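A short worksheet on the structure shown next.
Keep in mind that this is a model prediction, so the values were computed, not measured. Whatever order the structure lists them in is the order used to number ligands and atoms, beginning at 1. Heavy atoms only: backbone and side chains are in, while hydrogens, waters and symmetry mates are out. FYI, the numbering just counts along the sequence from 1.
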Amino acid sequence: MSNTSAPASVAVTQERKVVTAIPGPKSQEMHKRRAEVVPPGVGAALPVYIENAYGSIVQDVDGNQFIDFATGIGVTTIGHANDAVVAAVAEAAAHFTHVCFTVTPYEGYVKVAELLAKHTPGNHAKRTMLCNSGAEAVENAVKIARKYTRKNGVAVLDHAYHGRTNLTMSMNFKNAPYATGFGPTAPSIFRAPSSYPFRDGLSGAEAAKRTITYLEKIVGAEDLAVVFAEPIQGEGGFIVPADGYLPAIQEWCTKNNVVFVADEVQAGMARTGAYFASEGFGFVPDLVTIAKGVGGGMPIAAVTGRAEIMDASHPGGLGGTFGGNPVSCAAAIAIFSEIEKDNLLDEAKRVEKTLGGGLKKLQEKYPVIGEVRGKGAMLAIELVHPGTKDPNAEAVTKIVAFGAQHGLLLLSAGTYGNVLRFLPSVKTSDALLEDALGVLDEALASL
Ligand SMILES: *Cc1c(COP(=O)(O)O)cnc(C)c1O
């Protein structure tokens, strides 16, 4: 790594280091400039301004270094500024940055589609269309499902999150903050009960029966085009559905000519120890929406699914100027080869063992932790008022703030704001994971 032509970010040591107040003086200065030109609607979880990021560490303009348990919301899954990704991006950009795949095509797009056909669940014939963001993937999946089924209804689950465009904000469980005052929201969207074992106590079969009753009675299969489910719900609080829940919904959808979409935008791409989280639940979704982790930070997203469903859309009906940008495709191809080369599915399982194991120990010590859950490098703790299941959002806010002051970047989640979610890179060393667990221990002790 002592290559003199290496990017500056390579110089970031893999350690936590706090050298100023958080945010530091330079960050505070930039934040003032920002307020003059960026509207407050665009939030900032922690207003430290980043200069470099490498591996598992982000470094701010004041020289503070944070262990990154956010990874830009589950995007830099294989680490910041991964050498192979950086090289692939530079190489691709030197050839061409854009021609528009729907004007004059190029191989990278096709290669990404081949890789997604290979690595998404199921051995059926598949097609892939590329776009730029998770929300755009979800929007396209809605269009594709409606076209194929010639029906309109869209069912989503309680606690779901699907994006911030008009259609996807209408599909989210929480109105605030995503849709507040931004209506009218999109029509024909139905919110079905989900599986949330910690809170509903239902088995997978029981929860599926409840969902299916809703779909049959309140929506009606004749009017329902598509059901969306995040295999592990992301913004909703890393909710892992009970075993058997997702396969039962898929089976019902197949019987009723309803397209089942696994929204794998957050849970996919090696995050949970499988290429796609659906695999871990034993079902094969009709369509998969993919974004966050697939481009290592370069904007790229996809809908991959059954050929007969994808092929129902007429020529010209799908696409967009930037969809499947060649530089982003090069990044995605590099990501797939890094996952293979470095056995990153196993690395995600290692993270689960070290971090998940450490969190379980903390749960024994601190009754404020109601549940430890998740898979691979997608883990969470749900905080409650001890002895109850009453959500404890205040504790989450305090721990996130404590982490920031001590060089650990944390994100909250959950319908009730009482979930701390952990999205480290799957390559985060055991030493850094243990160090982060130490910070969490102190944070919990300080409550
Ligand atoms: C983040 C997310 C989206 C939206 O993706 P954007 O790229 O932010 O538009 C959709 N679905 C899920 C499950 C997500 O986590």
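Close contacts of ligand 1 with Y161, meaning ligand atoms under 4.0 Å from a residue heavy atom, involve 1 (C), 2 (C), 3 (C), 11 (N), 12 (C), 13 (C), 14 (C). Under a 4.0 Å criterion applied to the non-hydrogen atoms of G134, ligand 1 contributes the atoms 4 (C), 5 (O), 6 (P), 7 (O), 9 (O). Less than 4.0 angstrom separates some heavy atom of D263 from each of these atoms of ligand 1: 10 (C), 11 (N), 12 (C), 13 (C). In summary, the atoms of ligand 1 found under 4.0 Å from a heavy atom of E230, numbered by their order in the structure, are 13 (C). Near A135, meaning under 4.0 Å from one of its heavy atoms, ligand 1 places the atoms 4 (C), 5 (O), 6 (P), 9 (O).
We find the CD1-CD1 distance between I144 and I309 to be 9.5 Å, quoted to the nearest 0.5 Å.
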Stepwise salt bridge (charged side-chain N to carboxylate O under 4.0 Å, His left out) check, K209 with E206: CA-CA 5 Å; K209 193 169 167 213; E206 290 162 346; over 6 Å; no

Trace of the salt bridge (charged side-chain N to carboxylate O under 4.0 Å, His left out) decision for E347 with R350: CA-CA 5 Å; E347 287 295 271; R350 175 189 56 80; 3.1 Å; yes

Evaluation steps, salt bridge (charged side-chain N to carboxylate O under 4.0 Å, His left out), between E235 and K174: CA-CA 10 Å; E235 305 303 301; K174 285 203 287 193; over 6 Å; no

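Note: no N/O pair closer than 3.5 Å links E136 and ligand 1 by distance alone.
Nearest to atom 14 (C) of ligand 1 by heavy-atom distance, out of K292, E235, H162, is K292.
Annotation: cation-pi pair K375/F281 present, NZ/CZ under 6.0 Å from the ring centroid and within 45° of its normal.
For A291, no heavy-atom contact with ligand 1 is shorter than 4.0 Å.
Looking at Q65, E51, H80 one by one, the single match for side chain to side chain donor-acceptor pair (under 3.5 Å) with Q59 turns out to be Q65.
In this structure, S133 is part of the shell of residues with a heavy atom less than 4.0 angstrom from ligand 1.
For atom 8 (O) of ligand 1, no protein heavy-atom neighbour is present inside the 4.0 Å cut-off.
Side chain of N418 to main chain of E382: no donor-acceptor pair is present (N/O by atom type, distance under 3.5 Å, no hydrogens or angles).
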